[in-house]
Amino acid sequence: MALIAMAQPCRFFAATALVQLLQKAKAVYELPAMLQKLDRYGLLVIDDISYVRRSELESSVLFELICHRYERRSLLITSNQPFRDWDDIFPSSSMTVAAVDRLVHHCRIVEIGGESYRQRQAKARLAAMDGSLA
């Protein structure tokens, strides 16, 4: 978060969009160049990583990104799944362990509990609709 406060270049990606971008680059043998291109951002924010499908092709490019940025550039990853459930993201336990190992080595984990803001907004809309029907 310090990079954001210092106005350093940052980029936000939905995990599925990032995986698709990386897969396209890999398909035309340009994945290393794409990883270098993403290095211009001091921080990559990857939102909802737990929605990445479990295919080896999809998760392998995500793993390559994690390995590439390890100890070089920052990643901020959101997930609604604890690490113990990340075997649903990566195709093998060894890849999951290796990815999590790199991510947690220098990390700060922030666990957020409570009701999601989306649920709160949906409840407020329902309450407003119920009030207008009365």
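For reference, positions follow the sequence shown, starting with 1. Because the structure is predicted, anything quoted here is derived from the model rather than measured.
Annotation for Arg72: atom CZ counts as buried by contact number, over 12 foreign heavy atoms lying within 6.0 Å.
Both Ile66 and Ile109 sit in one connected hydrophobic cluster of ILVMFWY residues. Membership requires side-chain heavy atoms under 4.5 Å apart, directly or through other members. Note on Tyr70 and Tyr41: separate hydrophobic clusters, where clusters join Ile, Leu, Val, Met, Phe, Trp and Tyr whose side-chain heavy atoms are under 4.5 Å apart, directly or indirectly. Put simply, Met34 and Tyr29 are part of two different groups of oily side chains (I, L, V, M, F, W, Y) that touch within less than 4.5 Å, one to the next. Note on Val97: it does not cluster hydrophobically with Ile77, by side-chain heavy-atom contacts below 4.5 Å among ILVMFWY residues.
Between atom CG of residue Leu75 and atom CD1 of residue Ile46 there is a gap of 5.0 Å, rounded to the nearest 0.5 Å. Note: Gln81 CD to Asp48 CG = 10.5 Å, rounded to the nearest 0.5 Å. In this structure, Leu21 CG and Leu31 CG are separated by 9.5 Å, a value rounded to the nearest 0.5 Å. The structure places NE2 of His68 at 8.5 Å from CZ of Arg73, a figure rounded to the nearest 0.5 Å. Going from atom CG of Leu57 over to atom CG of Leu62 covers 13.0 Å, rounded to the nearest 0.5 Å. To the nearest 0.5 Å, atom CG of residue Asp87 and atom OG of residue Ser93 are 4.0 Å apart.
Smallest separation of non-hydrogen atoms from Arg69 and Gly42: NH2-O, 3.4 Å. Shown here for Leu35 and Glu64, the closest heavy-atom pair between the two residues is CD1-O, 4.3 Å.
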Audit row: Glu58, Leu22, side-chain contact (heavy atoms from CB on, under 4.5 Å) steps and yes/no: CA-CA 9 Å; Glu58 291 169 319; Leu22 295 173; over 6 Å; no
Given side-chain contact (heavy atoms from CB on, under 4.5 Å), test Leu43 with Gln8 step by step and report yes or no. CA-CA 8 Å; Leu43 173 67; Gln8 293 295 310; over 6 Å; no
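Counting heavy atoms from C-beta outward, His105 and Asp101 have side chains that stay 4.5 Å or more apart. Taking 4.5 Å as the limit, some side-chain heavy atom of Phe13 sits within range of a side-chain heavy atom of Leu38. Looking only at side-chain heavy atoms (C-beta outward), Ser60 and Lys26 come within less than 4.5 Å of each other. Here the side chains of Thr96 and Ile89 are not in contact, with every heavy-atom distance at 4.5 Å or above.
Aromatic ring orientation, Phe90 versus Phe63: perpendicular (interplanar angle above 60°, classes split at 30° and 60°).
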